[in-house]
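Have a look at the structure below before the remarks.
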Amino acid sequence: RSVYEWETMNKMKPIWLRNPDVVNESEYSEFYKTTFKAFDEPLTTTHFKVEGQIEFRALVFIPSTMPFELTRDMFSEGGRAMRLYVKRVFINDKFEDLIPRWLTFARGVVDSEDLPLNVGREILQKSRTLKIIRKRVVRKVLDTIDELRENDPAKYDQFWSSYGKYFKVGLVEDLDYKDELKRFVRFWSSKSGDNQTSIPEYISRMKEGQDKIYFVTGEGKKAAEISPAMEKMRQKGYEVLYMVDPLDEICSQSIVDFEGKKLVDINKAGLDLEKSEEEKKEMEELEKDFEPVATWLKKQLGERVQKVQISDRLVDSPATLVQGEWGMSPMMQRYMKSQTTSSASDSAFAIGSRNQAILEINPQHAVIKQLKNAMETAPESESTEDMVMMVYETAALIGGYTIEDPGDFAKRVTKLMESVGDGVGGSMDAEVVSQ
């Protein structure tokens with residue numbers, strides 16, 4: 001009779017079942033490249049085993065460059081690559097609940113001993129075991145990123161430039177990890193130079209007695225830097241975070257506070273900066289003196305602004321446009337408008353955004369003093385009307401708003417240049433005659 005003997009040809013254990021202490025970097029790298037069709041080296045490798053109330057092993061990689069599948073759509077279904085195994089049997093590599101959406105870029109393997117082999121999507125979604133697995137995997141990945149941040153700042157910068165947006169989305173979407181992710185998010189700031197800064201780093205540099213985290217919105221770092229509201233902050237030596245895209249601004253609304261320190265938008269009405277008794281007294285006198293100018297300006301500008309008030313946040317600029325406490329920045333207004341399709345909603349949106357704006361004037365600026373004089377001497381003249389509109393439109397432009405009629409603005413600027421030119425020409429003629 002014939003006797004058959006089975007011989008095991010592949011005696012190698014899967015890499016995730018082996019002890020992390022006996023696996024070297026080249027083995028991890030080879031497994032990562034062959035399994036996930038990658039050409040780069042992994043930025044971090046997290047290999048661990050969990051025993052106790054449930055048992056599973058996991059091996060998670062963070063790619064050093066953005067996976068190709070995610071370059072066009074950061075949450076592409078085809079970009080998911082966390083492979084779920086049950087007792088070494090492959091189940092699925094596109095299951096959404098294995099890791100949160102904001103870790104879509106992670107690649108890896110999770111092998112559970114407790115899930116049933118005939119597992120389906122509906123069973124998985126209700127599985128308590130899977131919820132525990134997800135929680136442990138996220139915890140380990142965050143710990144690895146934390147170590148990277150503390151021990152290898154250059155690699156962490158590389159990580160943040162590739163995947164920072166995912167963490168900001170996670171901060172907005174995932175209430176379970178909201179407080180955890182606040183530590184990681186980074187922004188440009190007025191004192192961070194060419195590097196971004198985290199909120200804990202910002203707090204470590206705060207001035208003595210400062211109890212708020214200040215930020216300003218703008219379409220790009222340069223736009224944030226030149227915001228009129230920055231003038232007073234620079235004068236007082238406060239550091240300001242720059243929110244330079246709509247995601248940053250949405251992020252700031254989700255953060256609200258950190259370690260008991262509230263986030264404050266310096267481009268919103270009601271900015272409360274510490275003043276001495278002398279400064280308070282001076283401000284009260286200026287408000288009393290220029291209140292008629294504010295009332296008159298509101299009448300002249302009509303529905304273009306919600307109201308006009310005296311500012312204590314300006315130093316070098318004559319005026320600025322700010323939003324009410326619940327108003328949206330011009331950057332966010334444009335983003336929201338781009339998400340709408342109907343022209344009716346566009347017009348409603350335009351009226352709403354315009355009515356939210358508050359014009360703040362600087363009573364110590366020469367232009368506002370001239371405007372006060374013009375109001376008292378020739379309030380109905382064309383030159384006074386032009387001056388009012390120039391103050392409003394320049395404040396709108398530097399604040400990032402879109403002016404209603406660029407043609408009219410151009411005419412006013414041309415008229416101003418002509419009047420200056422006449423003055424220069426007259427003085428030159430006078431000089432020639434005197435010779």
Give a yes or no on whether [X] atom [atom1] has more than 12 heavy-atom contacts from other residues, nucleotides or ligands under 6.0 Å away.
X	atom1	result
Lys221	NZ	yes
Lys191	NZ	yes
Glu30	CD	no
Lys262	NZ	no

TODO: Could you give me the CA-CA distance, side-chain angles and deciding distance for Met283 and Ile310, then say whether side chain to side chain contact (heavy atoms under 4.5 Å, CB included) is met?
DONE: CA-CA 9 Å; Met283 193 63 200; Ile310 314 305; 3.6 Å; yes
If we ignore angles and hydrogens, is there a donor and acceptor under 3.5 Å between the side chains of [X] and [Y]?
X	Y	answer
Ser317	Glu231	yes
Glu282	Gln364	yes
Ser189	Glu239	yes
Thr384	Ser381	yes
Thr44	Thr144	no
Tyr214	Asp265	no
Asn362	Ser311	no
Gln323	Ser329	no

Ignoring hydrogens and geometry, is there a side-chain-to-backbone donor-acceptor pair from [X] to [Y] under 3.5 Å?
X	Y	value
Lys369	Pro363	no
Thr295	Glu291	yes
Ser162	Gln158	yes
His365	Ala319	no
Glu360	Val322	no
Gln333	Met328	yes
Ser192	Trp188	no
Asp40	Ser64	yes
Ser76	Asp73	no
Asn151	Glu147	yes

Give the minimum heavy-atom separation between [X] and [Y], together with the two atoms involved.
X	Y	result
Met375	Val293	SD-CA, 3.8 Å
Val60	Met82	CG2-CE, 4.1 Å
Lys165	Asp245	CE-OD2, 4.4 Å
Ala224	Met230	O-CG, 3.4 Å
Ser29	Glu41	OG-OE1, 2.6 Å
Arg107	Pro63	CD-CG, 3.7 Å

Task: Full working for side chain to side chain contact (heavy atoms under 4.5 Å, CB included) between Asn373 and Gln370 - done: CA-CA 5 Å; Asn373 185 50; Gln370 285 176 24; 5.5 Å; no
When the aromatic ring centroids of [X] and [Y] are compared, is their separation below 6.0 Å?
X	Y	answer
Tyr85	Trp16	yes
Trp160	Phe184	no
Phe75	Tyr166	yes

Open item on the list: Assess the residue pair Glu55 and Val50 against the criterion (side chain to side chain contact (heavy atoms under 4.5 Å, CB included)); give the C-alpha distance rounded to whole Å, side-chain angles, the decisive distance to 0.1 Å, and a yes or no.
Closed with: CA-CA 5 Å; Glu55 187 178 332; Val50 171; over 6 Å; no
Cation-pi check for [Y] against [X]: NZ or CZ below 6.0 Å from the six-membered ring centre and within 45 degrees of the axis, yes or no?
X	Y	answer
Arg136	Phe56	no
Lys207	Tyr238	yes
Lys140	Phe48	yes

Under 4.0 Å between a Lys/Arg side-chain N and an Asp/Glu carboxylate O for [X] and [Y]?
X	Y	value
Lys415	Glu382	yes
Asp157	Arg186	yes
Arg183	Glu180	yes
Asp248	Lys168	yes
Arg80	Glu69	no
Asp257	Lys261	no
Lys372	Glu376	yes

Task: Contacts of type salt bridge (Lys or Arg N to Asp or Glu O under 4.0 Å), residue Glu173, not counting sequence neighbours - done: Arg101
- [ ] Hey, can you tell me if Phe159 and Phe105 have their rings parallel, tilted or perpendicular (30° and 60° cut-offs)?
- [x]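 The arrangement is perpendicular - the two ring planes meet at more than 60°.
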Open item on the list: Does the plane of the ring in Tyr28 sit parallel, tilted or perpendicular to the ring in Phe61? Use 30° and 60° as the thresholds.
Closed with: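 Correct class here is perpendicular.
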Open item on the list: I want to check something: taking the side chain as every heavy atom from C-beta on, are Thr35 and Arg83 in contact at a cut-off of under 4.5 Å?
Closed with: yes
- [ ] Check the pair Glu404, Arg304 against salt bridge (charged side-chain N to carboxylate O under 4.0 Å, His left out), reporting the backbone distance first and the verdict last.
- [x] CA-CA 9 Å; Glu404 295 167 29; Arg304 291 184 184 89; 3.7 Å; yes
- [ ] Take Phe187 and Phe215 through the side chain to side chain contact (heavy atoms under 4.5 Å, CB included) test and state the conclusion after the steps.
- [x] CA-CA 10 Å; Phe187 306 99; Phe215 73 91; over 6 Å; no
